[in-house]
Structure formats: structure tokens, C-alpha cells
There are 2 protein chains.
Amino acid sequence: MKYERPADSANEATDVQEERLARLIRLAARAFNRSLQLRLTTEGVTFGQWIFLRILWQEDGLSQRELSERANLTEPTAHTALLRMVEQGLITRENVKGNKRRQHAFLTPRGWELRERLEPLAIEANDIAVEGLSADELKILRRALNVIITNLERDEAEAAARGMRMPPTRITTSVL
Amino acid sequence: MKYERPADSANEATDVQEERLARLIRLAARAFNRSLQLRLTTEGVTFGQWIFLRILWQEDGLSQRELSERANLTEPTAHTALLRMVEQGLITRENVKGNKRRQHAFLTPRGWELRERLEPLAIEANDIAVEGLSADELKILRRALNVIITNLERDEAEAAARGMRMPPTRITTSVL
DNA sequence: CGCACAAACTTAGAAAGCTAAGATAAAGCA
DNA sequence: TGCTTTATCTTAGCTTTCTAAGTTTGTGCG
């Protein structure tokens, strides 16, 4: 054990403290998602669409793979989101430069238009969230979150290298 | 606007900063979930089961409603998780004191046994996550997360009072 | 007692996410 | 040139979570 504590800080208390952190982060993430979703709904946009719209506003014409990387999501997740965005007329997907494999996503005029209506909503949600926190606290919060993310991703990579895997979500070709 | 910045820090930078906070929290939440799930899988337990096991270890015999409240999850979510836990022999659900409505969940011996094997896994994940953060930073992190959660939940409650709702997840009895 | 209202659990169906395993096109190499 | 490998997008099917809308059982009041 790396971080030993004096005997007088009971074990139980330690457990509770530590376990709470994951819970707090989960609750904060959910509250943030809901807050944003609540606002986006007024413009008929879902959370998943928002994620990809934001990326395309910065950099139009990315491929599905590039989009999923920038969004930190898997390709199947990006895939279904992009299909729906085509249906709703927010983007088109096109093959460019004679490459029949890569499908680049381009914002439609409607997709571009949403920008000025949606971005203020996200800023509003963020402003509400951080109300009462000082600049210093926010700085530490960001740093701490980055550290946690780095630590856990490193851990997952190491676990994967040792052969540990996330449980399959599909019945693996069973007994035979 | 509360936190004005000197003119030389462009608006764009501000936006990016603010938007990033939600993203960081989302990433941290996901990394935490995966880290825990990866470990729980070695004992054949899913994340959802862990959530309710933890609560029952503290307080056995709670009803579905009480469990969903303590877990910060809705009843349908608790419902499906509990059904699976019954299937797997982790809990039983029983009517007590002749009440045919309330269903109290009781840990089976198997459910109790898991405690000593699972709790260390959660502690391990937490230890890894906070590696490199000082006690002060952790304190601020916790406070900041609590502030954010409170702010956003208040905002959602106010929005609900004004009639704003989360988008329905089911097709609302359409045209007729 | 009987009926209305409330509490508790269930069912229906959707979104968003994932892993695994295709399919097809491009690139690289012998 | 032809074959193998790699890239990219798709499909299949599962989990977890939600909102909305039942169903059933208790409770309280006239």
C-alpha cells in the first residue's frame, strides 16, 4: 500500500471517503449531461448529435473514424449517431477524392445554423455548474480530473496488456 | 458574467475552457466505471450489481424504492438490476409483515460472501485513480464536485418547475 | 363498509454506449 | 499483376439508464 494513514483514521472512514469519489464524479457527469440535454431538447437536438456537431463546427469534413476518435467514442456509437444526423438533415456523408471507403461528414446549412443557437446553451449550463467556485478551485478541479483520467486509462491499458478485457456485450460464440 | 477575463484572453479560449469541464467529468466518470467493471468482472459481478450490493451490505432488507433512492437511480433501473440479482442468487425478494406490495431485498449467503472480495477491488481502483493528488487537492475536488452537482440539480428542478422536461424515451401516444 | 387516492412495483420502448465480428476497399509487396 | 494485409465502415446484440404509463395493493375518510 502506498498511502498509509495514521491508525487513528479508521479503515471504514477511509473506505467510505474513497468510494464516494467515484460516486461524486458519476453524479456530476449525469447532472451535466441532463442539464445540457434539457437545453438542447428545446432546439430538437439530442446529446449525441451535439457531441458531433461541436466537433464538426471546429473541423468540417472529418471521417467517421476521425470523429469517433475526437469524441472519445467507439465507431459503432459514432456510426448510429451519424446515420441519425443524416436523416435529420444536419450532415451529409460523402466519399471524397475517389476513395470509396472513407466517408467524410459535412455539415449542411441547417447543421451550421444550429451553432449560434446551441453554443450559448452549453455555456449557460457550464456557467450554472461552476457558480460559487473560484478560479483557483476550478484550476485544481481540472488538474485533478486530468490526473484521475490519466491514472485510470494507464491502469486500463496495463490491464489490457495482461489480458484483462471488458466483459463482452454480445454472447460470445458459445459451446461447440 | 461573473468571471470576466482580460480582453487579451479571447472569447474562444473561454468557451473551450468551459466546455471542456463537462467533457473532463464525463471522461473521468467513464474511466472510473470501466476500471471498476474490469475488476468486478473477475468475480462475475456487473457494475449494476455492485451498486446495489454495496447498499445492501450497509443496510440489508431495503425495498426496491428505498434501494433506487439510495443509489440515485430510477425504479425501473433498480427493478431490472434486482431481477438479475435474484436470478444469480445474490439476493431474494420477499414480502414482509403481510404487505404484498413492498418487496424487500435480502442478501443471500453468496451475496454476503462477495463483500470481502469486492470491496478491496473498489479500493484499489480508487487508490489508482487518486495517485499523485495531494490531500488538499482531493478535498477541493470533492467540494467542487459537490458544488457542481448541487448547482445543476437546482437548475434542473427549476427548469422542471417551469415545465421543461427531459425528452421522453418512448413514443408518446401519437396523433389521434 | 366502500370508494378514492396514494404507494409500490412492472412493463414498454427509447437513447447511448460498448464488444465482437463481419464486409469491402485500399495499399503494399513479391 | 495478383495476393495478403490493413483501414474503414457496418451489423449484431448486449447493458444501463431513462421517461411514461400501466397494475396492484394499502390507507384514509365519509
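Just the heavy atoms: all of them, side chains too, but no hydrogens, waters or symmetry mates, feed the values below. A, B, ... follow the sequence lines: proteins, then strands. Residue 1 opens every chain.
Evaluation of atom-type donor-acceptor distances gives a pair under 3.5 Å for the side chain of R101(A) against the base of dA25(C). You won't find any donor-acceptor pair under 3.5 Å spanning the side chain of R102(B) and the base of dA8(C), going by distance alone.
In this structure, the nucleotide among dT11(C), dG17(C), dA7(C) sitting nearest to the side chain of R65(B) is dA7(C). Comparing dA16(C), dT10(D), dC18(D) by their nearest atom to the side chain of F47(A) picks out dA16(C). Proximity note for E75(A) (side chain, C-beta onward) versus dT8(D), dA6(C), dC18(D): the nearest is dT8(D). If you check dT10(C), dG17(C), dT19(D) against the side chain of R93(B), the one that comes closest is dT10(C). Checking dT19(D), dG17(C), dA16(C) against the side-chain heavy atoms of R30(B) singles out dG17(C) as nearest. With distances taken from any side-chain atom of Q64(B) to the nucleotides dC9(D), dC9(C), dC18(D), the minimum falls on dC9(C). For P76(B), the side-chain atoms get nearest to dT19(D) when compared with the rest of dT17(D), dT11(D), dT19(D).
Looking only at distances, a side-chain donor or acceptor of S63(A) sits under 3.5 Å from a matching main-chain atom of E66(A). Of the possible donor and acceptor atoms, none in the side chain of T77(A) sits under 3.5 Å from a partner among the backbone N and O of L73(A). The main-chain N or O of G44(B) is never found under 3.5 Å from a side-chain atom of T41(B) such that the two would form a donor-acceptor pair. At distances below 3.5 Å, at least one donor-acceptor pair connects side-chain atoms of N99(A) with backbone N or O atoms of R102(A). Put simply, the side chain of S35(A) never gets that close to the backbone of A125(A): no donor and acceptor are under 3.5 Å apart. Side-chain N or O atoms of Q88(B) include none that pairs as donor or acceptor with a backbone N or O of M85(B) at under 3.5 Å. Between the T108(A) side chain and the G89(A) main chain, a donor and an acceptor come within less than 3.5 Å of each other.
Rounded to whole Å, atom C1' of dT23(D) lies 15 Å from atom NZ of K100(B). The CG atom of N99(A) sits 13 Å away from the C1' atom of dT6(D) (whole-angstrom rounding). Distance CZ (R26(A)) to P (dC18(D)): 12 Å, rounded to an integer number of Å. One atom, CZ of R84(A), and another, P of dA16(C), lie 7 Å apart when rounded to the nearest Å. Look at CD1 on I51(B): it is 14 Å from C1' on dT15(D), rounded to the nearest Å. Between L82(A) atom CG and dA16(C) atom C1' the separation is 13 Å, expressed in whole Å. Between the P atom of dT17(D) and the CG atom of L27(A) lies a distance of 12 Å, rounded to the nearest Å. In this structure, K97(A) places its NZ atom 13 Å from P of dA26(C), rounding to the nearest Å.
S63(A) comes within 4.0 angstrom of sugar-phosphate atoms only, judged by non-hydrogen atoms across all strands, and of no base. If you check every strand for non-hydrogen atoms under 4.0 Å, Q103(B) touches sugar and phosphate atoms only.
Under 4.0 angstrom from either OP1 or OP2 of dT16(D) there lies at least one side-chain N or O belonging to T46(B). Put simply, H79(A) has no side-chain N or O that comes within less than 4.0 Å of OP1 or OP2 on dC9(D). Within the structure, every side-chain polar atom (N or O) of T77(B) is placed at least 4.0 Å from both OP1 and OP2 of dT16(D). Phosphate proximity of dC18(C) to T74(A): present, with a side-chain N or O under 4.0 Å from OP1 or OP2.
A rotation axis mapping the C1' atoms of four pairs onto the next four is fitted at both ends of the helix from dC1(C)-dG30(D) to dA30(C)-dT1(D) over five pairs, and the angle between these axes is 0° to 10 degrees.
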Next item on the list: Applying side-chain contact (heavy atoms from CB on, under 4.5 Å), run through Q103(A) and E94(A) and close with a yes or a no.
Entry: CA-CA 5 Å; Q103(A) 301 234 309; E94(A) 296 167 29; over 6 Å; no
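A residue-by-residue look at E156(A) and E66(B) shows that E66(B) has its nearest nucleotide of DNA chain C further toward the 5' end.
D155(B) and R34(A) are not joined by a salt bridge, as no carboxylate oxygen comes within less than 4.0 angstrom of a charged side-chain nitrogen.
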